[in-house]
Chemist: 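Before I ask anything, let me first share the structure, which is written out below as structure tokens.
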Amino acid sequence: MTTTPTPTDTDAEAVAGEIAPWFTHDRFGMFIHWGLYALPARHEWVMNYEKIQQEEYEKYAKYFDPDLYDPRAWARAAKAAGMKYVVLTTKHHEGFCLWDTALTDYKAPNTPAGRDLVREFVDAVRAEGLRVGFYHSLLDWHHPDFTIDGRHPRRDDSPEEIERLNAGRDMATYREYLHGQIRELLTDYGRIDYLFYDFSYEYEPHNPVWGGKGAKDWGAEELLALTRELQPGIVVNDRLGIPGDIVTPEQYQPSEPMKVDGVEVPWEACQTINGSWGYFRDNHNHKAPELMIRMLVDGVSKNGNMLLNVGPTARGELDSVATEALEAFAEWMHLHSRSIYGAGASAFETPVDARYTQRGNRLYLHLFSWPFEHIHLPGLAGKVEYAQLLGDASELSFREIDPDTPALTTGMGGQPAGTLTLQLPVVRPDVAIPVVELFLKDEA
Ligand code: GLC
């Protein structure tokens, strides 16, 4: 019987001050946005967008009955897709908690779900040998002490009403609640590999009157210290309003490796399938699976991770669009994952319409468009000992064409010095992105 290896404390131990190596090795994770917002199914910010009063919004807790919830199926789909870690929303801005917290009644055990959904998630993800991450909202539109600000669903109430409401609210009490819940999550569920806090908005251009919130409001320094004390080696993102271990660009593709003060930093782009994080029934703005695979490759070619989001329905299932996207990743990663895991940017000049990922002396050429028979690779002349299509390990030949070679009717002319010309089959391999694996000479 094969046992599923569980990430142990010894593999890839974090060096003090260094990010846990598993993160920059594994490159690909699943983000899961799930909560009461799956019921209105109109975006996870529906309470804000539609300025739904809390009393009205609470009705969804009465109908939250995810009878088809099977986190093991989610974890299996993630694993098959080649994802190595899974990050679940424990609480989103709406304030509803998926675990059995002692600090509020606004939680899954008090709904028809009737149980701790985070417990089952953690057990399922671990059982599939994947790493566990928690997303936790710093905002809380349900908590009675969270003051109304520029992003609050009640931001457009009358100024007098907001003044009156805020007079009775104490952010210090909210901070205690926030830190208390983090203590629960990082104490009662075993090893947690990644904490994705969300988000700080100190500078609130949308509503300068009521303004935003940031590090001070969250007690960020203490919260980060608590997080590290309870889970040494955990990876923490950059949204507490103070620096974290990684930066988290959202819904765009960085054009180069990310830097902070000129220093390159580990990063992870979090991406949606259709622009919404929560399940959005009538939003059909779906990215093509091939585009999302290209986004993964593009990110790795710039030393970045991809955290691809799914928004399960209120029944607890992944919808068909998410399932199809994960299956497309499964098909491609089955053949090409070694061009992703442990790989990163290469110093070699990338040809047009392609990306390089490199892992030691293996250089992976990802072809976003299929050229006719040849591709010229600047700077690789004399540096390659063997080449193959990664998908089927079929050999590819290559040569250097002397720069002085005249172009003839039926013969290609010379290429700039240092260029290696690779011979490709006419027929494009039937995979989302064809990849050439180049074995570099040690001295390359
Ligand atoms: C943004 C969205 C929030 C989502 C987060 C994920 O902050 O507003 O809803 O959870 O991104 O990165």
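Side chains are part of it too, since the values below use all heavy atoms of this structure and drop only hydrogens, waters and symmetry mates. In listed order, ligands and their atoms are each counted from 1. Keep in mind it's a predicted model, so treat the numbers as computed, not measured.
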Chemist: Checking W99 now: which residues fulfil side chain to side chain donor-acceptor pair (under 3.5 Å) with it, not counting sequence neighbours?
Modeler: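 Only E184 meet the side chain to side chain donor-acceptor pair (under 3.5 Å) criterion with W99.
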Chemist: Enumerate, one pair per line, all nitrogen or oxygen atoms of ligand 1 lying under 3.5 Å from a protein nitrogen or oxygen, stating the separation to 0.1 Å; write 'none' if no such pair exists.
Modeler:
| from | atom 1 | to | atom 2 | distance (Å) |
| --- | --- | --- | --- | --- |
| ligand 1 | 7 (O) | D198 | OD1 | 3.3 |
| ligand 1 | 7 (O) | D198 | OD2 | 3.2 |
| ligand 1 | 8 (O) | W45 | NE1 | 2.9 |
| ligand 1 | 9 (O) | E44 | OE2 | 2.7 |
| ligand 1 | 9 (O) | W45 | NE1 | 2.9 |
| ligand 1 | 9 (O) | H92 | NE2 | 3.1 |
| ligand 1 | 10 (O) | H33 | NE2 | 2.7 |
| ligand 1 | 10 (O) | H92 | NE2 | 2.8 |
| ligand 1 | 10 (O) | Y135 | OH | 3.3 |
| ligand 1 | 11 (O) | E250 | OE1 | 2.9 |
| ligand 1 | 11 (O) | E250 | OE2 | 3.1 |
| ligand 1 | 12 (O) | R239 | NH1 | 3.1 |
| ligand 1 | 12 (O) | E250 | OE1 | 3.2 |

Chemist: So, taking the atom named CE in M171 and the one named CG in D217, what distance separates them when rounded to the nearest 0.5 Å?
Modeler: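 Reported to 0.5 Å precision, the distance equals 4.5 Å.
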Chemist: For P249 versus W267, what's the shortest heavy-atom pair and its separation?
Modeler: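 In terms of heavy atoms, the two residues are closest at CG-CE3, 3.7 Å.
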Chemist: Is it true that the side chains of S301 and Y364 contain a donor and an acceptor less than 3.5 Å apart?
Modeler: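 Result is no, nothing qualifies.
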Chemist: Side-chain donor-acceptor pair under 3.5 Å between N309 and T272, yes or no?
Modeler: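 No, because no side-chain N or O of N309 sits under 3.5 Å from a partner of the opposite role on T272.
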Chemist: Do the ring planes of F64 and F96 sit parallel (below 30°), tilted (30 to 60°) or perpendicular (above 60°)?
Modeler: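 Because their plane-to-plane angle is over 60°, the rings of F64 and F96 count as perpendicular.
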